[in-house]
Amino acid sequence: MTAAFILAAGRGERLRPLTDRTPKPLIEVGGRALIEHHLLRLRAAGIGRVVINLGWLGAQIRERLGDGSAWGLQIAWSDEGWPALDTGGGIHRALPLLGDAPFVLVNGDVWCDLPLAALRERAERLPAGDLAHLVLVPNPPQHPQGDFALAGDRVRESGAARLTYSGQAVLRPQFFAGCTGGRFSLVPLLRAAMQREAVSGERHDGQWLDIGTPERLAALAAQLGGHGANRSEEPGR
């Protein structure tokens with residue numbers, strides 16, 4: 001069974017003061033916590049096992065979501081404490097919980113209408129030579145320079161038409177071969193894998209939003225008919 005990993009350990013500095021007492025994944029929009037929207041998308045995609053890393057105010061997330069049964073999921077927790085281990089270090093630490101097969105990666109502070117079933121299917125048939133598959137999106141106003149370039153189905157560090165990494169991907173556990181743990185970013189590993197032509201990608205032109213600021217949170221709330229950042233709701237409703 002394909003597993004998914006949700007990055008949920010960050011501090012959410014740009015969303016302060018909202019995140020001073022509430023972890024960013026539990027900020028509510030459209031009547032649900034951000035991370036609950038991801039859980040529902042994963043369940044709809046046929047993914048039943050989810051690993052979530054914890055850092056800033058992580059106990060609140062664990063208490064809210066429990067074992068995942070309210071969403072028809074099995075949740076395993078990777079508690080990093082604080083400070084957290086960044087994107088690469090956090091995933092590396094959780095590898096024993098994820099198993100040996102490629103898994104779906106979702107950044108907990110993005111919103112996207114890409115059906116995650118497509119990523120589950122990609123994980124199930126990831127070519128043997130590929131270590132990662134990235135979903136790229138058109139560059140948003142706050143990030144006009146983009147991150148990577150897409151040439152056919154290959155992701156490269158540079159190119160004429162750069163796109164933004166959406167925070168959604170498929171990773172093979174062997175992507176982390178040679179890593180020794182600790183705090184580190186995913187980006188240098190991605191660049192190294194690109195140099196070996198081991199990263200595939202796709203462009204998604206649908207809805208995508210990086211919920212990193214109060215303004216973008218408000219934009220998503222308006223889009224969803226949101227009810228504010230502090231409304232509570234029954235899990236899985």
Side-chain angles (χ1 to χ4, degrees), residues 4-15 24-25 34-35 37-38 41 53 55 84-92 94 102-116 118-120 122-123 126-127 129-179 183-213 215-217 219-220:
F5 184 89
I6 301 178
L7 285 163
R11 173 68 172 82
E13 289 286 349
R14 294 175 296 170
L15 279 170
K24 181 162 57 172
L34 289 172
I35 199 167
H37 287 287
H38 289 307
R41 293 176 66 221
N53 67 337
L85 298 176
D86 207 339
T87 50
I91 302 169
H92 179 266
F103 57 90
V104 173
L105 173 67
V106 177
N107 192 327
D109 62 359
V110 300
W111 172 269
C112 188
D113 64 357
L114 175 75
L116 290 179
L119 283 188
R120 174 185 57 78
R122 174 70 64 168
L126 191 68
D130 284 351
L131 295 173
H133 177 83
L134 307 185
V135 178
L136 305 177
V137 296
N139 300 327
Q142 72 272 13
H143 192 59
Q145 73 274 20
D147 296 309
F148 308 119
L150 191 59
D153 71 343
R154 295 291 99 184
V155 181
R156 300 203 169 107
E157 187 173 356
S158 59
R162 290 170 66 84
L163 298 166
T164 292
Y165 169 50
S166 73
Q168 300 168 111
V170 170
L171 294 180
R172 191 181 294 280
Q174 289 78 8
F175 178 86
F176 295 92
C179 295
R183 191 175 193 274
F184 61 91
S185 170
L186 194 65
V187 175
L189 296 182
L190 284 171
R191 288 175 174 158
M194 288 172 198
Q195 292 175 2
R196 303 198 299 273
E197 294 286 326
V199 181
S200 64
E202 63 184 280
R203 173 176 174 141
H204 177 65
D205 287 307
Q207 296 178 352
W208 178 83
L209 190 64
D210 168 16
I211 313 160
T213 66
E215 294 76 17
R216 296 202 286 274
L217 178 65
L220 177 60

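Worth saying up front: this structure is predicted, and the values here are computed from it rather than measured. Basis for what follows: all heavy atoms, side chains included, without hydrogens, waters or symmetry-related copies.
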Where do [X] and [Y] come nearest, in terms of heavy atoms and distance?
X	Y	result
V110	S166	CG1-O, 3.5 Å
A123	V104	CB-CG2, 4.5 Å
F175	A193	CE1-CB, 4.1 Å
C179	H92	O-NE2, 3.3 Å
G129	A198	O-CB, 3.7 Å
E157	R162	O-NH1, 2.7 Å

Fill in: Residue of the set V135, L186, L134 for which side-chain contact (heavy atoms from CB on, under 4.5 Å) holds with L105
L186
Discussion item. So, applying side-chain contact (heavy atoms from CB on, under 4.5 Å) with W208, which one of L136, T164, D113, L114 is it?
Written reply: T164
Counting C-beta onward and ignoring hydrogens, is there a side-chain heavy-atom pair between [X] and [Y] closer than 4.5 Å?
X	Y	result
L7	N53	yes
Q174	L131	yes
Q168	L116	yes

Can you tell me how far the [atom1] atom of [X] sits from the [atom2] atom of [Y], to the nearest 0.5 Å?
X	Y	atom1	atom2	value
D210	R216	CG	CZ	4.5 Å
L34	L217	CG	CG	6.5 Å
L126	L119	CG	CG	11.0 Å

Worksheet, complete the sentence: Test side chain to side chain donor-acceptor pair (under 3.5 Å), reference D130, set R154, R122, R172, output is R154
Item to complete: Check step by step if side chain to side chain contact (heavy atoms under 4.5 Å, CB included) holds for E197 and R156.
Response: CA-CA 8 Å; E197 294 286 326; R156 300 203 169 107; 3.1 Å; yes
Discussion item. So, using salt bridge (charged side-chain N to carboxylate O under 4.0 Å, His left out) as the criterion, who are the partners of D147 when residues are at least two apart?
Written reply: none
